[in-house]
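See structure below.
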Amino acid sequence: MPEGFETDSVWKARGRGFQMGPLQPAGVTVHLTGQVAWNSEEEIVGPGDVEAQTRQCFENIASLLREVGGELSDIVAITTYFTDRAQLARIQSVRNEFFGPETAPASTSVMVAGLGHEDFLVELTPVAVIPHDRFRSPG
């Protein structure tokens, strides 16, 4: 579980679901492909609903991390791609359901013209560091 830091000489995270500098102990670094609001049958969860889509993204990420002994709290950085600036606060609100302010990952948010499917509203690309004592090879 990463712990982070801030400094008075830089702007603050202020509870927006990320930290300026999460520190992660040694472990296995896992880079996941960007996750979208597809369920296991490749059906879109929450068409038109950015909150439902964001939750599905996190559920997908959690499932992938569990496969190798990880958990969401092992995420040290996440990039959020979204299609409408007006939805960013709702995306951040859902992210706060999954991370506390002390353990949230570093975060970059990028507004894009579109994602891989016309109905996708958000895509999340995380990097996790799973402690050696929990990591297990997939399969």
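The first residue of the sequence shown is numbered 1, and numbering continues consecutively from there.
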Please give me the minimum heavy-atom distance between [X] and [Y], naming the atom from each residue.
{"X": "Cys57", "Y": "Ala37", "answer": "SG-N, 4.0 Å"}
{"X": "Pro105", "Y": "Ala77", "answer": "CB-N, 3.6 Å"}
{"X": "Ser109", "Y": "Leu88", "answer": "OG-CD1, 3.9 Å"}
{"X": "Pro126", "Y": "Thr33", "answer": "CD-O, 4.5 Å"}

With clusters defined by side-chain heavy atoms of hydrophobic residues (ILVMFWY) lying less than 4.5 Å apart, directly or transitively, does [Y] cluster with [X]?
{"X": "Ile130", "Y": "Leu124", "result": "yes"}
{"X": "Leu115", "Y": "Met111", "result": "no"}
{"X": "Phe120", "Y": "Val112", "result": "yes"}
{"X": "Trp38", "Y": "Ile78", "result": "no"}
{"X": "Val50", "Y": "Val110", "result": "no"}

Side chain to side chain, [X] and [Y], heavy atoms closer than 4.5 Å:
{"X": "Asp74", "Y": "Pro131", "answer": "yes"}
{"X": "Gln53", "Y": "Gln56", "answer": "no"}
{"X": "Thr80", "Y": "Ile91", "answer": "yes"}
{"X": "Ile75", "Y": "Ile61", "answer": "yes"}

Strictly below 4.0 Å, N to O, side chains only: are Arg136 and Glu67 in salt-bridge contact?
no
Is there any ring-ring contact (aromatic ring centres under 6.0 Å, His included) pair reaching into residues 59-86, and which pairs are they, with sequence neighbours excluded?
none
Of all pairs that satisfy ring-ring contact (aromatic ring centres under 6.0 Å, His included), the ones with a partner from residues 44-77, not counting sequence neighbours
Phe58-Phe98, Phe58-Phe99
Counterpart residues, ring pair (Phe, Tyr, Trp, His ring centres under 6.0 Å), relative to His132 (two or more places apart):
none
According to side chain to side chain donor-acceptor pair (under 3.5 Å), who are the partners of [X], at least two apart in sequence or on a separate chain?
{"X": "Gln87", "value": "none"}
{"X": "Glu118", "value": "none"}
{"X": "Ser9", "value": "Thr7"}

Show every donor-acceptor pair shorter than 3.5 Å between a side-chain atom in residues 39-46 and any protein atom, with sequence neighbours excluded, or say none if there are none.
| unit_1 | atom_1 | unit_2 | atom_2 | d |
| --- | --- | --- | --- | --- |
| Asn39 | OD1 | Glu41 | N | 2.9 |
| Asn39 | OD1 | Glu42 | N | 3.2 |
| Asn39 | OD1 | Glu43 | N | 3.0 |
| Asn39 | ND2 | Glu43 | OE1 | 2.9 |

With side-chain contact (heavy atoms from CB on, under 4.5 Å) as the test, would you mind laying out the steps for Arg95 and Ser107 before giving the verdict?
CA-CA 11 Å; Arg95 187 173 54 204; Ser107 176; 3.0 Å; yes
Identify, with sequence neighbours excluded, every residue that meets side chain to side chain contact (heavy atoms under 4.5 Å, CB included) alongside [X].
{"X": "Leu64", "answer": "Leu32, Gln35"}
{"X": "Arg66", "answer": "Ala62, Ser63"}
{"X": "Ser93", "answer": "none"}

What residues form a salt bridge (charged side-chain N to carboxylate O under 4.0 Å, His left out) with Asp133, not counting sequence neighbours?
none
With salt bridge (charged side-chain N to carboxylate O under 4.0 Å, His left out) as the rule and sequence neighbours excluded, what pairs involving residues 45-61 come up?
Glu51-Arg90, Arg55-Glu97
Counting only N and O atoms by type, is there a donor-acceptor contact under 3.5 Å from the side chain of Asn60 to the main-chain atoms of Val36?
yes
